[in-house]
Amino acid sequence: MTSNAHLLAIDSISKAFGGVQAIDTVSFALSPESITGLIGPNGAGKTTLFNLVTGIFPPDSGDIRFRGESISGKAVHELVGMGLGRTFQNVELFSSMSVLENVLVGLHTRTSCGIIGSVFRTPRLVKEERRARERALELLDFVGLADLAHQRSSDLPFGWQRLLELARALASKPDLLLLDEPAAGLNMGETDTLGELIESIRKHGITVLLVEHDMALTMKTCDRIVVLDRGKKIAEGPPRTIQSDEAVMAAYLGKPK
Amino acid sequence: MIRTDKHLIACFVFAAAATATGLLVENAYYLQVMIFIGINTLLALSLNMLMGYAGQISLGHAAFYGIGAYTTAILSTTYNISPWLALPAAVFTAMAIAYFVGRPTLRLTGYYLAMGTLGFGIIVNIIFREWRSVTGGASGFVGIPPLEIGSFAFDTDRRYFFLVWGVVLFFFIICRRIIDSRVGRALRAIHDGEHAAAAVGVDTAKMKLKIFVLSAAMASLAGFLYAHQIFFISPGTFSFLASIRIVTMVVIGGMASIWGSLLGASLLTLLPEWLHAFADYEMMIYGLVLMLVMIFLPQGLTRGILDIYENSRKKNDK
Amino acid sequence: MQEFLQYFFSGLTNGAIYGIIALGFSMLYRSTDLINFSHGEFVMIGALSMVTLTMTLKIPVIWAFFIVVFGVGLLGMVFERLAIRTVKRPEPIVLIIITVGASIFLRGAGMLVWGKNAQSMPPFTPHPPLDIAGARLLVQSIWILVIAILIAACLHLFYRRTLTGKAMYACAINKQAAWLVGIPSKMMILLAFGLSTGMGAVAGAIIAPVTMPAYDMGAMLGLKGFCAAMLGGLGSLWGSLLGGFLLGVLEAMGVGFVSSGLKDATAFLLLLLVLYFRPQGIISAASVKRF
Ligand SMILES: Nc1ncnc2c1ncn2[C@@H]1O[C@H](COP(=O)(O)OP(=O)(O)O)[C@@H](O)[C@H]1O
Ligand SMILES: [Mg+2]
């Protein structure tokens with residue numbers, strides 16, 4: 001279960017907020033280059049799990065290992081440097097900055113220019129900046145926003161903001177990408193594009209953990225699915241078995257009395 | 001980078017204008033006023049880097065202004081050290097204090113950060129006032145020497161004008177370069193969303209500390225220039241109200257706007273000079289302006305006026 | 001011992017004042033999640049208008065007191081209506097600058113109305129000071145202590161017993177939810193401003209006889225009140241009052257036994273220490289949220 005073959009190993013973690021047990025002894029693991037779906041009703045603890053994995057707050061108990069190394073005590077930005085990328089359920093772009101600049105901030109961990117460097121602009125740093133811009137444009141092209149590079153990010157329609165956030169997360173060159181309801185608010189065409197994007201992200205060797213309410217998308221793209229309900233893991237397996245799992249049905253449809 | 005080039009052109013135009021002003025203006029009073037505009041611009045710019053770009057409010061920025069002024073005053077007057085050696089000492093002192101104060105303070109956000117910086121500013125001011133044997137206490141510190149290089153002294157207003165505006169121009173360029181770099185983007189990202197910035201890999205604590213230290217360095221440099229211009233300093237110049245004045249400059253000119261700092265500093269330096277009856281109303285006007293700008297033009301005058309202009313053009317086009 | 005007691009009394013008196021000011025901060029924070037940087041200025045206006053009403057207009061103290069508290073509370077509501085509710089993006093940085101602006105504005109206005117000189121008025125009741133173990137205790141100090149505790153008790157009852165008090169608390173926890181269950185949150189914020197600034201006026205009115213109030217007294221008092229609130233845990237009522245006493249006594253001992261130059265620095269050093277190490281306050285740990 002926790003062997004090093006797994007990119008991410010979550011080992012019986014728990015987290016409570018006041019009286020609410022948001023995550024209750026949950027364990028699962030992700031093997032490299034897989035797409036895993038994390039589903040469950042609202043309030044099941046999916047976002048909380050993301051926050052735990054990305055180091056925003058520590059679990060009350062249990063351990064999370066990324067590439068075999070415990071993440072406890074590591075700051076959020078350090079984990080990004082190690083290869084953990086994420087998007088947010090409520091899109092959190094840098095609203096005063098342009099589309100391109102948002103992706104450039106995503107490249108922060110892959111570039112090195114400091115205050116002194118920015119003032120003196122050595123040839124190396126000028127080159128770094130040029131490369132970064134090229135890379136950012138490539139990523140925008142990948143999600144289909146290259147034409148809008150110089151728009152203010154807050155002026156984009158909502159669906160495109162999600163795509164921009166995806167490009168920004170990809171910029172840090174993650175090995176593991178956590179997507180929190182990326183299709184929420186997208187229309188059907190956009191959702192299909194997103195599905196294709198996720199597939200091709202995996203082809204680039206990136207492991208994906210996907211929280212999503214759109215069942216069609218989840219069932220189609222995911223290799224495995226983990227189901228949470230009220231903080232507990234109630235099922236795990238390939239999409240087909242999950243679809244017919246009774247506990248899952250009960251969790252979604254309300255338990256028959 | 002394109003923006004930086006445009007900015008460079010603007011800087012050249014600005015430098016030419018400043019040079020012409022410096023050469024043509026004969027009136028000593030005008031020169032002096034413009035020297036103070038320069039010093040205030042540097043101050044406003046220093047706070048704008050912190051507050052406008054990185055979104056970290058400081059209600060105690062005058063402390064660093066004062067630390068620059070007092071350090072050079074004490075070293076160059078009491079200890080007879082050359083001001084040119086006192087300068088790095090002053091800037092370094094301010095940076096060191098900013099580093100040690102910034103580490104715990106910048107962990108705070110919102111109201112707590114405002115209160116923390118305010119408390120820091122007041123403590124520093126109390127030290128200026130109470131440490132009489134060193135600072136001269138409330139009555140101030142007299143006899144600060146003028147700046148000179150060899151036999152060339154910056155003892156006329158014209159010479160000092162060029163010194164101050166040379167420094168301002170230099171920092172216009174530096175700040176623009178920082179803003180347009182990876183560091184500047186990280187700062188603005190922190191402004192827009194600290195959690196999101198961390199989540200894409202920005203070490204927010206370190207970034208904030210860096211910009212705080214830089215900002216303190218610039219403010220202390222302004223203090224240095226101030227001290228060697230008027231040869232006399234007292235705690236009142238670096239009080240809470242002075243901190244608020246700097247905030248007002250930034251807010252009026254426009255947060256996150258380099259040229260806005262120039263506008264804000266100019267307005268706040270000129271207003272008291274223009275309105276003679278101003279003194280009694282000074283506080284009320286600052287207060288009112290702060291409130292009105294924040295309510296109606298939260299982007300500051302520069303941006304606000306541009307917006308109004310653009311809107312009216314759009315209307316005319318229709 | 002006598003000396004100690006003397007400092008202790010003066011510390012208690014100041015502490016009660018800081019405590020009332022801290023209560024103003026805390027109750028506004030509880031109800032609106034907002035910190036009013038101009039709170040001290042309302043204290044100043046309270047003190048100076050108390051002097052004007054009793055000395056110039058010769059209104060009896062008890063009437064003057066209620067007029068002042070009511071009037072300043074109204075002023076606070078006007079301030080909320082004009083400068084807080086109108087804000088389009090109510091982010092902390094915007095609200096901080098607006099309330100700081102208000103504080104400078106009110107201070108300037110105070111200077112125009114009352115001039116730069118300190119004013120004075122006699123104590124509420126003309127008893128000679130009491131002698132307790134050789135230390136003098138002003139009768140006004142007793143007034144101050146009694147009123148401070150009364151105010152805290154009233155607030156306590158207000159939050160615990162009245163519907164409005166409970167509603168106000170509900171608004172602070174979740175505006176939208178409060179709105180959904182029919183609590184008019186705009187009304188509540190307005191009321192919270194009125195109460196909080198009115199409380200500031202109480203502090204101003206009762207110290208007018210012992211401090212020689214002047215237009216620039218507000219900043220220091222406001223900051224110290226905030227410091228007291230932070231000591232006790234911002235948002236906690238009894239904590240704020242206790243924080244006030246703690247700050248007052250520490251400050252008085254600092255002045256008495258160390259140096260008078262330290263007086264104002266004490267509060268700010270404490271403030272920084274609390275902000276850095278225990279932002280939840282040193283007195284109440286758990287009671288911040290409840291009460
Ligand atoms: N920062 C927080 N503070 C307090 N409670 C929280 C916090 N984050 C989440 N919760 C609570 O934890 C539970 C799980 O929330 P969340 O992880 O957002 O669910 P999901 O993303 O599955 O919809 C909810 O009851 C929520 O109210
Ligand atoms: Mg969620």
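Just so it is clear: chains get the letters A, B, ... in the order the sequence lines come, proteins before strands, and each one is counted from 1.
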Measure A/T54 against the heavy atoms of chain B and call it side chain, backbone, both or neither at under 4.5 Å. neither
What residue, out of A/G81, A/P174, A/S112, A/G55, has the most heavy-atom pairs lying under 4.5 Å from chain B? A/S112
Classify the angle between the aromatic ring planes of B/F120 and B/F64 as parallel (below 30°), tilted (30 to 60°) or perpendicular (above 60°). tilted
Out of B/C175, B/G193, B/G184, B/A199, return the one with the most heavy atom pairs under 4.5 angstrom to chain A. B/A199
Tell me, out of B/A186, B/A197, B/A205, who's got the most heavy-atom pairs with chain A below 4.5 Å. B/A197
What I want to check is whether the side chains of A/E92 and B/H195 have a donor and an acceptor closer together than 3.5 Å. no
Is the ring pair B/F224/B/W84 parallel, tilted or perpendicular, if the boundaries are 30 and 60 degrees? tilted
Tell me, do A/L125 and A/F120 make a side-chain contact under 4.5 Å, heavy atoms counted? no
Output the option from B/I178, B/I174, B/V202, B/I190 having the highest count of non-hydrogen pairs under 4.5 Å with chain A. B/V202
Kindly state whether the ring of A/F57 and the ring of A/F17 have centres lying under 6.0 angstrom apart. yes
Top of A/I56, A/V119, A/L107, A/T109 for chain B proximity - count of heavy-atom pairs under 4.5 angstrom: A/V119
